[in-house]
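Here is the structure we will look at, set down as structure tokens.
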Number of protein chains: 2
Amino acid sequence: MKEKENGDTENKIKEVAKRLFIERGFEATKTRDIAKEAGVNIALLNYYFRSKEKLFEKIFEESVNQYLHILVSILNEELPLETKIRKFVSNYIEAIRQEPHLTLFVLSEMRYRKSTVMERIFVPEIKSTQTLKQQLESEAAAGNIRPMNHHQFELCIASMVSFPFIAKPITMAIGEMNELDFDRFIEDRKTIIADMMWAYLTCKNQ
Amino acid sequence: MKEKENGDTENKIKEVAKRLFIERGFEATKTRDIAKEAGVNIALLNYYFRSKEKLFEKIFEESVNQYLHILVSILNEELPLETKIRKFVSNYIEAIRQEPHLTLFVLSEMRYRKSTVMERIFVPEIKSTQTLKQQLESEAAAGNIRPMNHHQFELCIASMVSFPFIAKPITMAIGEMNELDFDRFIEDRKTIIADMMWAYLTCKNQ
DNA sequence: GTCTATAACGGGATAGAC
DNA sequence: GTCTATCCCGTTATAGAC
């Protein structure tokens, strides 16, 4: 009876599969590679998950959930607007740093796979975030900031935070950066992005 | 002798292949699909391009070039900074509208294919764009704008412009948009993005 | 649960006729 | 140049022993 120290083969497979899927995408990931790196046989993948497709769907759904929890949790906190923006940008960046390939993975798989994940999970979860919207509206009504569509607002932040990671090879090549330079570049961005959003909302000299 | 009205089979193949590669990526695009949609046989692909790999490389290189010409041409024009920003954002958005899948295609293929395209073409082309950099520096020296690293500046614009297209399905779902709504949303962004960049650069009340 | 062996299939590439 | 037929490999999935 073979018994790995911590037992669970199923999790080992899923863990490896997740890493490979995220790095390479669905098509480029071969079941053989997953099995090999997990130290088991292909037959086991099918024993636990029935098919490559099913295994992928499970992982994709988990990834989307993981990605969402990064975002949503912060948005509903009770904080003054400027503080919230700064905290959100900073946490968002840190979260992506933990799993830098996740964004591009989700976006590229989303494009030609008509997964039901989006309607089932993504949209409901995101729409639960109404606090920020109300905050923008009331601050604008009070004349403290300029009025702004909250979707535009959110998309600006999401863009500026995640794009450098999505386009990391290009960013690094153009700026002639090494890994350390890139980290510093991203660190600087925390302030820049928050300042920029805040400048736009509050700037008087238009 | 079969002669199509406009002759060139080779171009027909390349055209179809380009569309499919851009829509689906390298791995998910099958030579059989290309041949079928081009109305020819697989043997012809290899006759003209030797292999799927070679065909792809050619198309990928062309796509990168196409993408770059969108960007670089505007950046070197002699225009006042604010005008240049507004024109750049607007033209960039229009260019992406012509080929909305191109950005995600280039970025996702870039990630796990160690193509030589980037070092050979991308970097030299982008680095030819020094005008904007100098402009930012001299305006800052004159006290007209706040000092800002030009890579950060460029990346902010590129992010906010291209991200909504990369994440189009998500953007549309969250905002409950149809195609027309999305177009309007993007149209609004032209002003928002330019205003935001300009507000950041010139805002006094920090 | 885990393995070996093998079935079943799909996909890229080529030979050779026209 | 363009086709048909075919090869051959890699990949997914399953049967069946342990």
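The shortest distance between side-chain heavy atoms of B/Thr171 and B/Met177 falls below 4.5 Å.
For A/Val40, taking side-chain heavy atoms from C-beta onward, the closest of the listed nucleotides C/dT2, C/dC3, D/dC3 is C/dC3.
When rounded to the nearest whole Å, the span between CZ of A/Phe26 and C1' of D/dT11 equals 12 Å. Atom pair A/Asn11:CG and C/dG1:C1' shows a separation of 15 Å (rounding to whole Å applied). The distance from atom CG of A/Leu45 to atom P of C/dT2 is 12 Å, rounded to the nearest whole Å. At whole-Å resolution of the value, CG in A/Leu55 and P in D/dT11 are 17 Å apart.
At least one cation-pi condition fails for A/Lys58 and A/Phe49: the charged atom is not both under 6.0 angstrom from the six-membered ring centre and inside a 45 degree cone around its axis. Taking the ring axis of B/Phe26 as reference, the NZ or CZ atom of B/Lys52 stays within 45° of it and closer than 6.0 Å to the ring centre.
A salt bridge between B/Lys36 and B/Asp33 is absent, with no side-chain N of the basic residue lying under 4.0 Å from a carboxylate O of the acidic one. Under 4.0 Å is where a charged nitrogen must lie from a carboxylate oxygen, and between A/Glu137 and A/Lys133 at least one such pair does.
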With the sugar-phosphate defined as primed atoms, P, OP1 and OP2, and the base as all remaining atoms, what B/S/- string results for nucleotides 4-18 of chain C, 5' to 3', for protein heavy atoms under 4.0 Å?
B------BBBBB---
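For B/Glu27, the side chain to side chain donor-acceptor pair (under 3.5 Å) criterion is met by no residue, not counting sequence neighbours.
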